[in-house]
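Below you'll find the structure, written out as structure tokens, and then a few comments.
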Amino acid sequence: MLTLFVLWLTVGGFVKVLVVGGGGREHAIVKALKKNERIKQIYAAPGNGGIGCDAQCIPIKAADIPGMIEFVTNNSVDYVVVAPDDPLALGMVDALEVKGIPCFGPNKAAARIEGSKVFSKNLMKKYGIPTAEYEVFDSADMAKKYVKTNQKYPLVIKADGLALGKGVFIVLDQSQALETIDTIMVDKKFGDSGSSIVIEEFLSGPEVSVLAFTDGNTIIPMVSSMDHKRAFDGNTGPNTGGMGTIAPNPYYTKKIAAICEKTIFLPTINAMLTEGCPFKGCLYFGLMLTAAGPVVIEYNCRFGDPETQVILPLLETDLFEVMEAVTHNRLSSIDIRWASGSAACVILASGGYPDSYKSGFAINGLDANGSLNEITVFHSGTTFKDGVFLTTGGRVLGVTAAASTLDNALKKAYKAAGSIHFEGMFYRKDIGNMSCVS
Ligand code: AMP
Ligand code: GLY
């Protein structure tokens with residue numbers, strides 16, 4: 001027995017894992033990692049009130065690379081999951097790898113697939129991956145000249161760099177287009193992220209999020225999902241980070257999945273390999289199912305939020321085993337299994353989100369672990385103070401349920417959402433309702 005234990009310690013042993021980030025996505029990752037028996041300690045930096053019930057939160061900002069390296073070194077952390085886009089785009093994985101710390105997440109060069117829309121659009125064009133027709137501009141004057149001659153509206157204008165999901169504008173006429181160019185390139189609303197812009201054709205069709213594990217050579221798509229990006233019911237109001245999700249996405253048939261695999265997923269990882277920046281981690285494909293076939297609307301270099309909240313509860317294979325397989329380039333040897341059935345996540349948000357909102361309100365209706373019976377409550381923007389969970393963000397909680405049918409998952413999630421309350425709270429009542437899909 002003792003020999004077996006020593007052997008186990010030698011091949012794998014107990015490990016300490018750090019999850020970088022502090023939102024609902026990170027809470028879902030932490031909860032999934034908790035199921036692994038080899039992990040004896042999970043840290044989250046910075047984490048949040050709810051994550052604190054499942055991991056030890058460390059007050060280091062997610063993008064603080066020196067701070068993270070110091071913590072990891074001083075605390076003998078064995079593995080780091082870098083979840084948010086900012087630290088990935090800044091090169092946190094590169095910095096950890098220099099120190100010999102295994103991580104989950106792409107390096108800086110590969111993270112450009114999300115960090116620069118110009119990079120990703122040019123990649124798709126070069127390798128024939130279906131996407132909207134586009135032009136790139138690094139001068140406001142040239143961009144304005146272009147929209148003055150363009151007669152086709154709506155038109156989509158995107159800031160090149162990261163903009164917290166707010167850098168995409170669908171403009172309905174020339175005056176809106178000119179105003180948007182000024183906002184991004186002249187007023188610099190998104191700082192340097194707006195030094196270049198992409199102007200692309202407007203496409204329509206149902207949207208599907210497909211996240212995939214990839215070690216750079218092998219790609220294994222996860223169960224599909226559907227986000228609801230607009231703030232209000234009926235897909236109205238401003239774009240948000242996501243107001244709710246369902247998985248699997250009912251539009252994503254086996255036939256469409258096979259097309260995507262052949263025309264989008266494999267060509268993308270092969271393109272990254274050929275460009276000398278193999279992508280390792282979770283690659284997020286934001287797809288639109290147009291009349292002409294599936295196209296890429298965007299790539300993200302990370303797990304989606306709130307997609308992760310509905311995907312990981314359906315993952316039957318151990319998440320840490322998969323992550324290690326990605327890190328060590330042996331994804332092809334892993335069999336990834338998913339539960340049948342569906343999951344639904346309803347985001348409870350602060351009044352005013354995605355614009356300005358107030359924080360610090362007490363959240364009523366949660367148990368001592370920040371959760372509820374038969375339901376998983378992923379915390380996005382909370383803190384825990386004097387025995388009470390308080391709101392700290394725009395998106396506050398992701399109330400999530402899994403069931404054998406989508407209907408039942410939605411019923412369970414909505415029933416639970418109705419028993420939680422904080423001042424100013426609002427949520428969409430039509431998550432998973434197909435009539436709200438374009
Ligand atoms: P992105 O951040 O690039 O995913 O864009 C945010 C949202 O804007 C997407 O989920 C789509 O709903 C919409 N969008 C982006 N690009 C286009 C496009 N070319 N045509 C129509 N809608 C788009
Ligand atoms: N839910 C969209 C994203 O994570 O970018």
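Note that the structure is a prediction, hence the values are computed from the model and not measured. Indexing begins at 1, ligand by ligand and atom by atom, following the structure's order.
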Please walk me through it: do D430 and R428 pass salt bridge (charged side-chain N to carboxylate O under 4.0 Å, His left out)? CA-CA 6 Å; D430 62 350; R428 274 182 66 160; 2.8 Å; yes
Distance in Å, F303 CZ paired with I311 CD1, rounded so as to fall on 0.5 Å steps: 8.0 Å
Assess whether atom CD of E201 is packed by more than 12 heavy atoms of other residues, nucleotides or ligands within 6.0 Å. yes
Give me the nearest non-hydrogen protein atom to atom 18 (C) of ligand 1 as residue plus atom name, then the distance to 0.1 Å. V156 CG2, 3.5 Å
Polar atom proximity, G241 to ligand 2 (N or O, under 3.5 Å): yes
Quick check: does E201 get an N/O under 3.5 Å from an N/O on ligand 1? yes
Show me which atoms of ligand 1 lie under 4.0 Å from any heavy atom of K229. 4 (O), 10 (O)
Main-chain N/O of A416 paired to S419 side chain as donor or acceptor, under 3.5 Å: yes
Taking only heavy atoms of D227, which atoms of ligand 2 are found under 4.0 Å from at least one of them? 1 (N), 2 (C)
With a 6.0 Å cut-off on ring centres, are F202 and Y153 close enough? no
Using distance alone, decide if ligand 2 has a nitrogen or oxygen within less than 3.5 Å of any nitrogen or oxygen in N300. yes
Under 4.0 Å to a heavy atom of F202 - the qualifying atoms of ligand 1, by number: 20 (N), 21 (C)
Donor-acceptor contacts under 3.5 Å from residues 396-405 side chains, at least two apart:
| unit_1 | atom_1 | unit_2 | atom_2 | d |
| --- | --- | --- | --- | --- |
| T400 | OG1 | G398 | O | 3.2 |
| T405 | OG1 | N408 | N | 3.1 |
| T405 | OG1 | N408 | ND2 | 3.3 |

Can you check whether K117's main-chain N or O pairs, donor with acceptor, with D160's side chain at less than 3.5 Å? yes
Ligand 1 atoms nearer than 4.0 angstrom to some heavy atom of K158 are 3 (O), 15 (C), 16 (N)
Per-atom contacts of ligand 1 with V168, taking only distances under 4.0 Å to non-hydrogen atoms: 1 (P), 2 (O), 3 (O), 5 (O), 8 (O), 15 (C)
Can the ring centres of F137 and Y146 be said to be less than 6.0 Å apart? yes
Closest approach of any protein heavy atom to atom 13 (C) of ligand 1, naming residue and atom: I170 CD1, 4.1 Å
Provide the full list of salt bridge (charged side-chain N to carboxylate O under 4.0 Å, His left out) pairs with a residue in residues 262-283, sequence neighbours left out, each pair given once. K126-E275
Would you check if the distance from the ring center of F265 to the ring center of F285 is below 6.0 Å? yes
Minimum-distance protein heavy atom relative to atom 19 (N) of ligand 1: E200 OE2, 2.7 Å
Kindly state whether the ring of F426 and the ring of Y353 have centres lying under 6.0 angstrom apart. no
Distance-only N or O hit between ligand 2 and K229, under 3.5 Å: no
What residue and heavy atom of the protein are closest to atom 21 (C) of ligand 1, and at what distance? L203 O, 3.0 Å
Just to confirm my output: which protein heavy-atom neighbour is closest to atom 14 (N) of ligand 1, and how far is it? I297 CG2, 4.1 Å
Residue and atom name of the nearest protein heavy atom (relative to atom 12 (O) of ligand 1), distance in Å to one decimal: E207 OE2, 2.5 Å
Starting from atom 5 (O) of ligand 2, what is the nearest protein heavy atom, named by residue and atom, and what distance separates them? R302 NH2, 2.8 Å
Does G304 come within less than 4.0 Å of ligand 2, judged by its heavy atoms? yes
Please work out which of the three classes, parallel, tilted or perpendicular, describes the rings of F378 and H27, given edges at 30° and 60°. perpendicular
Under 4.0 angstrom from ligand 2, any heavy atom of Y284? yes
If you count the atoms of ligand 2 from 1 in the order shown, which ones are under 4.0 Å from a heavy atom of E307? 1 (N), 2 (C), 4 (O)
